[in-house]
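Remember, predicted model here, so these are calculated numbers, not experimental data. Every chain is numbered from 1 and lettered A, B, ... according to where its sequence line falls, protein lines coming before strand lines.
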Amino acid sequence: MTLNRSLITPRTLKGFRDYLPEAMIPRERLMQTARQTFRSFGFAPIDTPALEYLEVLSGKGSDETDRQLYRFTDNGGRDVGMRFDLTVPLARFAAQHIASLQVPFKRYHIAPVWRGENTQAGRYREFVQCDFDTIGTESVMADIEMVVVIDALMSAIGIERFKIRINNRQILTGVLESLGLQDHSVAVLRSLDKLPKIGREKTAAEMVTSANISADQADAVLRLAECTGTPDQVLSTLSNIAGGNATAAQGIERLSQIVSGAIAGGAKAQRLQLDVSIARGLDYYTGVIVETFLDDLPAIGSVCSGGRYDNLAALFTKQHLPGIGASLGLDRLLTAMQQLELLPRVSTPAPVLITLFDDQRRDDYLRMAAALRSHGLAVEVYSEPKKLGAQLKYADEKGFEVAIVAGTQEWESGKVQVKDLKRKIAITADYRHDRPDDLVAAIRSILDESTQPRIAGT
RNA sequence: GUGGGUGUAGCUCAGUUGGUUAGAGCGUCGGAUUGUGGUUCCGAAUGUCGGGGGUUCGAAUCCCCUCACUCACCCCA
């Protein structure tokens, strides 16, 4: 052997990650749950290319966009970029295909996106977004549905303790109008978004300096953002503060409809909060805005955010295409669930291991595995006749919940051992290749009692 | 992008004002135990000290550059 000088160091790019089975299993389950939920509301799957013409992606063209965009010239001399979200590709997609799509068009899209930004905990350069949007309608029905989908999605994932904070940008817009501040909205909103983070005084100070408004005006905006209580209380307080401004009144009325509609649609009332301070930091949204926070881990931020935008595809078509949608922050949610110990720590997707005990009876183990699989159980057969202790250790460390032990005695007597690996107990089950029912029932009873955290839908 | 912190065995870390052969715990592997795993005991292996360059008789230790991770800020269509 020569020295290892010529070896290439195995490594991944900054902000890009490998996913080991233990990370990938809950990840796939989460995506599967999201898919099932979206589909149950009639959202249809689409996909778009990872690469787009640069002009498609940088159409909105801020400096920030340029800095974060992965861009290059392809071998044909075209300027191209990698998508940095799923909304801009959706806009292009809608403009290009709307003629052959029914409106309203409801789609979901689960796919990786890329941003060349600096990494932080939970923020990477390649990450997956789970988007669902409805385009082509301004109906409040779509607004309501977005809230209901978020509620259903979180519940399906197995999270019960969370709050969906809802706001309507029209209210702020209306109040800013009445204060004569409509031209300062972007700066004011940006500051407002920091309210929970830096507190009232600093927020007010920042508004005065960076948005260039008066202290009184800042105070008025902040008073609006500090309405708390039940949705009904907030709505009535807002009406008083907003006075007669028509835009704000319209926004308040719509919020009221969204809350009552969402409850009728199945969302739990105690999870809905109206919060005028959420502004999403963007001037992108024009109507309803939502963010979703975990009761047990609010510091991690919103795990599912979205809102309504007036004209999604204005850059690409003259056709008016209003839209509304939200995005599940898959990576952020996984980080949170890991911290809350809601994720199973397993590196096998199959709960049952058949130990290979008697190498002379390979065919019997294979038949047993086939019989169990035909009953819907995921089963692995150990590949070598190693010491039983070593096989059980393998099973335990990989996260199997059940091990089947069958040696000469068992095969001759027609009974096999079924070990519950978590509780360290064993039971006996009758087994014949043509009569696996007793064994199946024994395995099921162990799996049913398992305390292992699971994600619904698995 | 700005500023701070950290990189030593598979993991968590120790390593004195620069000094000889870089350590511990856990884990791993082998054995006690050729049909039963998380305990115990015995034994063993393992390091480009993140990488490159410099200062020095001598560098894990000091200096420069670089890469990665991390915290805060900026930003987040």
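- When each of A:Arg115 and A:Leu13 is assigned the nucleotide of RNA chain B bearing its nearest heavy atom, the one mapping closer to the 5' terminus is A:Leu13.
- With respect to A:Asp219 and A:Arg200, a salt bridge is recorded, a charged nitrogen being found less than 4.0 Å from a carboxylate O.
- A cation-pi contact links A:Lys106 to A:Phe43, judged by a cut-off of 6.0 Å to the six-membered ring centre and 45° from its axis.
- Base-pairing analysis of RNA chain B finds the following stems of at least three consecutive Watson-Crick or G-U pairs, with both pairing distances under 3.5 Å: B:1-7 with B:67-73, B:10-13 with B:23-26, B:28-32 with B:40-44, B:50-54 with B:62-66.
- Evaluation of the ring-ring contact (aromatic ring centres under 6.0 Å, His included) test over residues 413-435 of chain A, restricted to residues two or more places apart or in two chains, returns A:Trp411-A:His433, A:Tyr431-A:His433.
- A close approach under 4.0 Å does occur between a side-chain nitrogen or oxygen of A:Lys14 and OP1 or OP2 of B:C69.
- Side-chain to base pairing of A:Glu410 with B:G35: one donor and one acceptor N or O lie within less than 3.5 Å of each other.
- With hydrogens and angles ignored, no donor-acceptor pair under 3.5 angstrom links the side chain of A:Lys387 to the base of B:U34.
- A:Arg161 pairs by the side chain to side chain donor-acceptor pair (under 3.5 Å) definition with A:Asp296, not counting sequence neighbours.
- The listed nucleotides are B:G37, B:C75, B:U70; the one nearest the side chain of A:Glu117 is B:C75.
- Ionic pairing of A:Asp331 and A:Arg17 is present here: one or more N-O contacts between side-chain nitrogen and carboxylate oxygen are shorter than 4.0 angstrom.
- The six-membered or imidazole ring of A:Tyr394 lies near that of A:Tyr382, with a centre-to-centre distance under 6.0 Å.
- Listed nucleotides B:G37, B:C74, B:U33 differ in distance to A:Lys194; the shortest reach to its side chain belongs to B:C74.
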